Amino acid sequence: MFSSVWNFVKRHRRKFIFTGAAVGGVYFLGKYAQKKLREMQEREAAEYLAQARRHIHFESNQRTCNMTVLSMLPALKDAIVSQLNSESLTMLLKTRPANKLEIWEDLKIISFTRTIVGVYSTCMLVVLLRVQLNIIGGYLYLDLDTSAGHPGQTPRAPPDVQHQYLSSIQHLLGDGLAELMTAVKGAVRRSLGGISLKQNLSLVELEQQLSWVRAVVESASPLSRYILADDENALAEQACGLTEEDTVTIKMLNETRDMLDSPDFSTVLNACLNRGFSRLLDNLAEFFRPPPGDPALLGADSLSAVSLPLAKIIPIMNGQINIICSETPSHFIQDLLMNDQVKEFAANVYETFSTPQELQK
């Protein structure tokens, strides 16, 4: 029996060899495929976790942006009100001075100027902080992502650099704001200077005046000049005395300036301005509502049917600064912080600066 089996094996040994090789090949191929599948699954899981971690970090960074904007609005408001002080003129009018008309004319220009400046500067503050804090956020994420594999590595943006970098926002609250006030005040004077205090204006006519002022201001020079100082590179002239932190700060400021000069930044800032001025008109519209049940206004367009003397519009406009620059979240500031274009722009900035340079290349 054993001899017959052995003879059978010998006769078909080639088939057994090929069959064994095939079975072994399939086995090892299956093992290899399982290994590759496991590696692919582990890689996908790691990528998913990295994306989730980056998303959580990004969303946390946006909350920081929002809180920072709200915390800086009182300082912005104080800077505007101190330089465009309408309250002193209002108090002076109560004394019934001889030059009452002249004071009213000054009050007209200042009231419109500070509200318009409030809209501009708040929009600029929102978008600038989105750029700066997402650049910092991107660097911090890279530090977190690489710290596990490279303990002790020098941070890309240490706290002292962050402080020095963010202090550049003082230009918007200082010299930049003063230049913006000058530009807006000149445009307001040209627009409203010749309009009598007794002249009636409808909401539509008021919107036309604001649009004209905007056109003058925005055609005169790039708005970025009011946001970030041009002389930040002056530090580079003192190269012999620059610390490593100074060099990193200059690099981050140059990156910020590149962002401010980009078409995307202009598009987002313009979207914020459009929404900001639209919200301002919505607030003003509350004072232009026709009296309920007025038969003379039935069927009329309420935006143009009701008009108010300019002298009555001035205190209404004057008080808008308290809504625009309110540290308590208002519809005005929420419209800017929740704007979809602002969110998308912030995500793009964060994506750019949280991606390692070798991957960008």
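Quick caveat, the model's predicted, so the values are computed rather than measured.
Grouping the Ile, Leu, Val, Met, Phe, Trp and Tyr side chains by contacts below 4.5 angstrom, directly or via other members, places L125 with L166. Residues V81 and I323 are members of separate hydrophobic clusters, defined by side-chain heavy-atom contacts under 4.5 angstrom among Ile, Leu, Val, Met, Phe, Trp and Tyr.
Counting heavy atoms of neighbouring residues, nucleotides and ligands inside a 6.0 Å radius, atom CD of E244 does not exceed 12 of them.
Side-chain contact check for T249 and Q164: at least one donor-acceptor pair (N or O, by modelled atom type) lies under 3.5 Å. Looking only at atom types and distance, the side chain of R63 has no donor-acceptor partner in the side chain of N66 under 3.5 Å away. Inspection of the E351 and N134 side chains reveals no N or O donor paired with an N or O acceptor under 3.5 Å. Between the side chains of E179 and S221, no donor N or O sits under 3.5 Å from an acceptor N or O.
Not counting sequence neighbours, the partners of N318 by the side chain to side chain donor-acceptor pair (under 3.5 Å) test are S86, S111, R114. For the side chain to side chain contact (heavy atoms under 4.5 Å, CB included) test, residues two or more places apart in sequence or in another chain that qualify with E218 are Y120, R214, L223, N270, L273.
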Checklist line | side chain to side chain donor-acceptor pair (under 3.5 Å) between N61 and T64, worked out | finding: CA-CA 5 Å; N61 200 49; T64 300; 4.9 Å; no
Next item on the list: Please assess V349 against I135 for the test side chain to side chain contact (heavy atoms under 4.5 Å, CB included), listing each intermediate value before the final yes or no.
Entry: CA-CA 7 Å; V349 175; I135 288 178; 3.9 Å; yes
Item checked: Y141 and Y350: CA distance, side-chain angles, deciding distance, side chain to side chain contact (heavy atoms under 4.5 Å, CB included) verdict -> CA-CA 9 Å; Y141 176 79; Y350 183 86; 3.4 Å; yes
Notebook entry, point to check: Yes or no on side chain to side chain contact (heavy atoms under 4.5 Å, CB included) for F332 and V119, after CA distance, side-chain angles and deciding distance?
Noted result: CA-CA 9 Å; F332 180 90; V119 175; 4.2 Å; yes
Margin query: Show, in sequence, the C-alpha distance, side-chain angles and deciding distance for S196 and L310, and conclude whether the side chain to side chain contact (heavy atoms under 4.5 Å, CB included) test is met.
Written below: CA-CA 7 Å; S196 168; L310 182 54; over 6 Å; no
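The side chain to side chain contact (heavy atoms under 4.5 Å, CB included) test with S191 singles out one residue from L210, V213, I109, and that residue is V213.
Using a distance-only test at 3.5 Å, with no hydrogens or angles considered, no donor-acceptor pair links the side chain of D335 to the main chain of G276. Within the 3.5 Å criterion, the main-chain N or O of Q341 finds no donor-acceptor partner in the side chain of E344. Formation of a donor-acceptor pair under 3.5 Å by the S278 side chain with backbone atoms of R275 is not found in this model. The backbone N or O of Y165 sits less than 3.5 Å from a side-chain atom of S168, completing a donor-acceptor pair. Without hydrogens or angle criteria, H171 side chain to R225 main chain gives a donor-acceptor distance under 3.5 Å. In this structure, the side chain of N99 does not engage the main chain of E102 through any donor-acceptor pair within 3.5 Å. In this structure, the side chain of Q209 does not engage the main chain of E205 through any donor-acceptor pair within 3.5 Å.
Screening residues 69-84 for side chain to side chain donor-acceptor pair (under 3.5 Å), with sequence neighbours left out, gives K77-N322.
Across all their heavy atoms, S219 and V216 have their closest contact at OG-O, 3.2 Å. The two atoms that bring Q62 and A346 nearest to each other are OE1-CB, 3.5 Å, heavy atoms only. Heavy atoms only, all atoms of each residue included: M181 and T113 are closest at O-CG2, 4.0 Å. C65 and L129 get closest at one heavy-atom pair: SG-O, 4.0 Å. The shortest heavy-atom contact between V217 and A183 is CG2-O, 4.0 Å. Nearest approach of L172 to L177, heavy atoms of both residues: O-CB, 3.1 Å.
Separation of atoms CZ (F353) and CE (M252) is listed at 8.5 Å; rounding is to 0.5 Å.
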